[in-house]
Amino acid sequence: MLKKKKMCQHSNTLLHFLRHVSFPPDAHLLPSALKSCHAQPLARALHAAAAVSGLAEDPFVASSLLHTYIRLGATSAARVVFERMPDKSVVGWSALIAGYSARGDAEVAWGLLERMRSAGVEPNVITWNGLVSGLNRSGSALDAVKALVRMHGEGFLPDATGVSCALSAVGDVKEVSVGEQLHGYVVKAGCRLDQHVVTALIDMYGKCGRADEISHVFYESSHMDVASCNALVAGLSRNAQVSEALLLFSEFVSRGVELNVVSWTSIVACCVQNGKDLEAVDLFRKMQSKGIEPNSVTIPCVLPAFANVAALMHGRSAHCFSLRKGFLHDVYVGSALVDMYAKCGKVRYARTIFDAIPSKNTVSWNAIIGGYAMHGEAANAVQLFCLMQKCKQKPDLVTFTCVISACGQAGLTEEGRHYFNEMQHSHGISPRMEHYACMVTLLGRAGKLDEAYDLINEMPFEPDGCIWGSLLGSCRVYGNVFLAEVAAEKLFELEPENTGNYVLLSNIYASKKMWDGVNRVRDQMKNMGLKKEKGCSWIEIKNKVHMLSAGDSSHPMMTAITEKLKQLTIEMSRLGFAPSTDFVLHDVEEQEKDDILAVHSEKLAVALGLISTSPGTPLRVIKNLRICGDCHEAMKFISCFEGREISVRDTNRFHHFKDGKCSCGDYW
DNA sequence: ATAGGGTTAG
């Protein structure tokens, strides 16, 4: 911002100079004036001044004008200057070719190259580099690679600059074989000592999915600068090598390499993209303690981490920070805030943020519609969906996933079916796996299990684990052993390591008192060496996120937590609020019945919340698995007995408990 | 007095 202001002041000085200086600008003065010119109108003014003084044809002035117009993106004006140049040198041709390449006009650029040759001027390495670089930067990576291949075919050996931008283009189109050839050339030509080349190689291999080569290139070169760090972290993140990225990042830090906001943003994003939310939160704090201020990219990168662990206080402070910095107008920041507030249980705040985003995009709309879906507010989701279309914003694949799942959460079976059809017939979007999964959930919830099974059989592609998992879940609710066995058989094949499926099937057998089945599934699990998935919950108390997991007694307050739970259990049975054993929905954790202390993590989290906050404070808990019926009943009791609003976000949706009732209407 | 390069994002 400041820089721009300075430039404007500078331009004003130049204009002032042009208007008031009594002697005419000369051929020596104009090129330096043009060099410092940063706006098209000023360039045109200088051009006019040159023309009036008869200097426009001077080779230096003309060349400066040409380069200035190219630099400012005024390609046509540059062309006019160029065509009038009496002696068209390789410099002029190169500039013009670079200009058209940077606009993505590959055809024009190639045409100029031909014209140049017929005029008897041969392109040099700089001409070629300009062509490759321009095409790459304009997003025509494929054209850039083509240009590079042709350059090589014509006997021009790319230098470090050429190789760098060619590698960047290769990464964008994932032409790893071309990349490898370039790598070979780099080794032969000896330019692998060039830092930019090393960085570009790391970037290219990262984008082409070759994590092994990233480390290889990095360890072979001994360069440790900001750029190589950024490329490394991004490359490793893309390839899910999060531990490697964290290790190398800390190495850069301890070596005293001066890392910038991009480096810190990259490592935060790396953690978020690879499921390390708490590490991301930690690194975000560390970044600030090192004096690096987050920018408008950092904020949307870190917000999903806050959202995932429901760190509302952190999210709120990111919101305030964005407000102070003027980031709220940024659609990325806005959409990420909408998502964060919705996932932290504050769907009203999410709406407020959403309404204030000046130019909303599909992601913004999806965030708010998905937010309403998560909270079971189907009417609002549908209303926003209609508004979206009124605002001429095209719904995409994600939008329909949100709308159909909203209908499913609220039991609007026919509406859901309607949107599923409309998606195909009115919007020309063919349903993908996730849409079928939503439909199976929707039909399953309504008890239309046979219809759900028919839909699965009609799918034009092989159903995945989510689809069968959804059917199995509905079978648990409606006690359909036959379809449960069909779904489970597929699931054991598709995702043999997913313990939740075994537990679910075992629970279905148990609910029907089919003990043979129960034992068979348990043996199967034991034989495969599978352990029950550990449930864990998070609760934010006074700006700190606490993680509690079932069977883990490492939390410092564990004695008090257990005491509180014991007391609640006593009160519960005293008041006749005994959980029905028949209503153990979605118990994917399966506690050992005889182990009284093995309590589901959400209960531990709520107990911690109860003893650490003042009476009446709402509690928000998030859980990595679905909430079980037992805990669901307990939460209803606690909300009533303790007079607290409790919200539990499980993998599926939000449950808002208040006065002994849940917003899901006991269906989930 | 006139030409060229790498890294981050829902």
Side-chain donor-acceptor pairs of residues 238-246 of chain A under 3.5 Å, sequence neighbours excluded:
unit_1	atom_1	unit_2	atom_2	d
A:N239	ND2	A:G206	O	3.1
A:N239	ND2	A:G235	O	2.7

Choosing from [options], which nucleotide comes nearest the side chain of [X]?
X      : options             : value
A:V90  : B:dT7, B:dA3, B:dT2 : B:dA3
A:D159 : B:dA9, B:dT2, B:dG4 : B:dG4
A:V297 : B:dA9, B:dT7, B:dG4 : B:dA9
A:A234 : B:dA1, B:dT2, B:dT8 : B:dT8
A:C301 : B:dT7, B:dA9, B:dA3 : B:dA9

Q | Partners passing salt bridge (Lys or Arg N to Asp or Glu O under 4.0 Å) against A:K325 (at least two apart in sequence or in another chain) | A | A:E293
Q: Using the test salt bridge (Lys or Arg N to Asp or Glu O under 4.0 Å), find all partners of A:R351 that sit at least two apart in sequence or belong to another chain.
A: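 Once residues adjacent in sequence are excluded, the partners of A:R351 under the salt bridge (Lys or Arg N to Asp or Glu O under 4.0 Å) criterion are A:D355.
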Q. Are A:F385 and A:W365 close enough that their ring centres sit under 6.0 Å apart?
A. no
Q) Taking only N and O in the side chain of A:K35, is any of them less than 4.0 Å away from OP1 or OP2 of B:dT2? A)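 Yes, because at least one side-chain N or O of A:K35 sits under 4.0 Å from OP1 or OP2 of B:dT2.
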Which ones in [range] lie close to DNA chain B, meaning a heavy atom under 4.0 Å from one of its atoms?
range                       : answer
residues 74-85 of chain A   : none
residues 319-342 of chain A : A:Y332
residues 119-146 of chain A : A:N124, A:I126, A:N129, A:S133, A:R137

Q | Residue list, side chain to side chain donor-acceptor pair (under 3.5 Å) with A:E180, at least two apart or on another chain | A |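 A:E180 satisfies side chain to side chain donor-acceptor pair (under 3.5 Å) with A:R210 only.
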Q) In chain order, what residues pass the side chain to side chain donor-acceptor pair (under 3.5 Å) check against A:Q195, with sequence neighbours excluded? A)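 In terms of side chain to side chain donor-acceptor pair (under 3.5 Å), with neighbours along the sequence ignored, A:Q195 is linked to no residue.
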Taking atom [atom2] of [N] as reference, at what distance in whole Å does atom [atom1] of [X] sit?
X      : N     : atom1 : atom2 : answer
A:E57  : B:dA1 : CD    : P     : 22 Å
A:L66  : B:dG4 : CG    : P     : 11 Å
A:H67  : B:dA3 : NE2   : C1'   : 5 Å
A:L96  : B:dT2 : CG    : P     : 19 Å
A:L113 : B:dA3 : CG    : P     : 20 Å
A:H223 : B:dT7 : NE2   : P     : 17 Å
A:W93  : B:dT2 : CH2   : P     : 22 Å
A:F249 : B:dT8 : CZ    : P     : 15 Å

Q.
Test: salt bridge (Lys or Arg N to Asp or Glu O under 4.0 Å). Region: residues 275-284 of chain A. Which pairs qualify, not counting sequence neighbours?
A. A:D282-A:R285
Q. Are a donor atom and an acceptor atom from the side chains of A:H183 and A:Y205 found within less than 3.5 Å of each other?
A. yes
Q: For the residue pair A:T399 and A:D396, confirm or rule out a side-chain donor-acceptor distance under 3.5 Å.
A: yes
With heavy atoms under 4.0 Å as the rule, sort [X] into base, sugar-phosphate or nothing.
X      : value
A:S32  : nothing
A:A62  : nothing
A:N260 : nothing
A:R71  : nothing

(Q) Take a 6.0 Å sphere around CD of A:E258 and say whether it holds more than 12 heavy atoms from other residues, nucleotides or ligands. (A)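 Open.
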Q: With sequence neighbours excluded, tell me which residues meet ring pair (Phe, Tyr, Trp, His ring centres under 6.0 Å) with A:F654.
A: A:H375, A:H656
Q) Is there a donor and acceptor pair closer than 3.5 Å between the side chain of A:S266 and the base of B:dT8? A) no
Q: Please collect all side chain to side chain donor-acceptor pair (under 3.5 Å) contacts where either partner lies in residues 56-70 of chain A, sequence neighbours excluded, each pair once.
A: A:H47-A:Y69
Q. Can you pull the ring pair (Phe, Tyr, Trp, His ring centres under 6.0 Å) pairs that have at least one residue in residues 255-302 of chain A, sequence neighbours excluded?
A. A:F249-A:W264, A:F284-A:F306
